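First comes the structure, then the notes that go with it.
Labels below follow one simple rule: chain letters A, B, ... track the order of the sequence lines, proteins then strands, and each chain is numbered from 1. What you see is a predicted model; the values in this text were computed from it and never measured.
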Amino acid sequence: MAETLHIKNEISQLTHLDEFLLQSTGSLDLNPGIRMNLKLAIEEAVVNVILYAYPGETDKDIFIHLEHSEKEVCIVITDYGIAFDPTDGEKPDILLPLEKRPVGGLGTFLIKQLMTKVSYCRTGNKNVLTMIKKIH
Amino acid sequence: MKITVENGQEMIISLAGQLDTLTAADFEKEVQKALLDEQKHIVLNGEGLTYISSAGLRLLLTLQKGMKNKGGTLRLRNIRQEIMEIFHITGFSSILTIE
């Protein structure tokens, strides 16, 4: 089972994620926690692409490909923007007290925490982010 | 997402639905209003909140910091298990007051 969603680099396009996730994983019996984790990983990754991959440019492509077996869900996000490796960020210090906690910087951290395996590669002019989540 | 604000002895903000990058803008307005308000005690009711992304977490942290700076309190109530998981992963469970 595999589906691909093609969106443009605009925040308003995020409205398509729910329906896409429902359509592409509808046959799986996913608990609400896992469903939320999948959406969260996709949203965080796609928002990064929308905000940073194509500075100053509009109408640019982002592809979200999802396929699954009974055991795992694999999501591949592809864009043609500037090279960016979301797996290469600094880990936030989650033990800092309130006064010292910076606001922001949690998106890519959440992806890495919630997914079973995350990998990135730059192929030609493409950013390819692959996220795998074991579901059973 | 639906946001309901009740003003009484404490301000109760109830969130229902998904707090994501798109809906964060609506919640941000309420956060800014609440921080400018004289009210010192805010309860955030998360009974209907089914999803939160980093955009929502950012606003909760802004609200928590702002309330503390003005000598007030923020308490979160009725947080669902899947949202609590995100709070634990990000360390928010130790910087927010969750009842």
Item checked: Under 4.5 Å from any heavy atom of chain A - which part of L96(B) -> neither

Next item on the list: Could you look at L17(A) and say if it's the side chain, the backbone, both or neither that has a heavy atom under 4.5 Å from chain B?
Entry: neither

Next item on the list: Decide, yes or no, whether a salt bridge links E10(B) with K40(B) under the criterion of side-chain N to carboxylate O below 4.0 Å.
Entry: no

Margin query: Within the 3.5 Å criterion, strictly below it, is a donor on E47(B) or S14(B) matched to an acceptor on the partner's side chain?
Written below: no

Note to self: Heavy-atom cut-off 4.5 Å, strictly under: side chain, backbone, both or neither for P92(A) against chain B?
What the structure shows: neither

Margin query: Looking at D79(A) and K126(A), is any side-chain nitrogen of the basic one under 4.0 Å from a carboxylate oxygen of the acidic one?
Written below: no

Check: Would you say the side-chain atoms of H65(A) and E67(A) include a donor-acceptor pair closer than 3.5 Å?
Finding: yes

Notebook entry, point to check: For Q81(B), is it the side chain, the backbone, both, or neither that has a heavy atom closer than 4.5 Å to a heavy atom of chain A?
Noted result: neither

Margin query: Looking at K68(B), I want to see if its NZ is surrounded by more than 12 non-hydrogen atoms of other residues, nucleotides or ligands under 6.0 Å.
Written below: no

Notebook entry, point to check: Is chain A contacted by the side chain of Q64(B), its backbone, both, or neither, given a heavy-atom distance below 4.5 Å?
Noted result: both

Next item on the list: Determine the option with the most heavy-atom pairs under 4.5 angstrom with chain B, choosing from E99(A), R101(A), Q113(A).
Entry: R101(A)

Item checked: Structural part of L57(B) lying under 4.5 Å from a heavy atom of chain A -> side chain

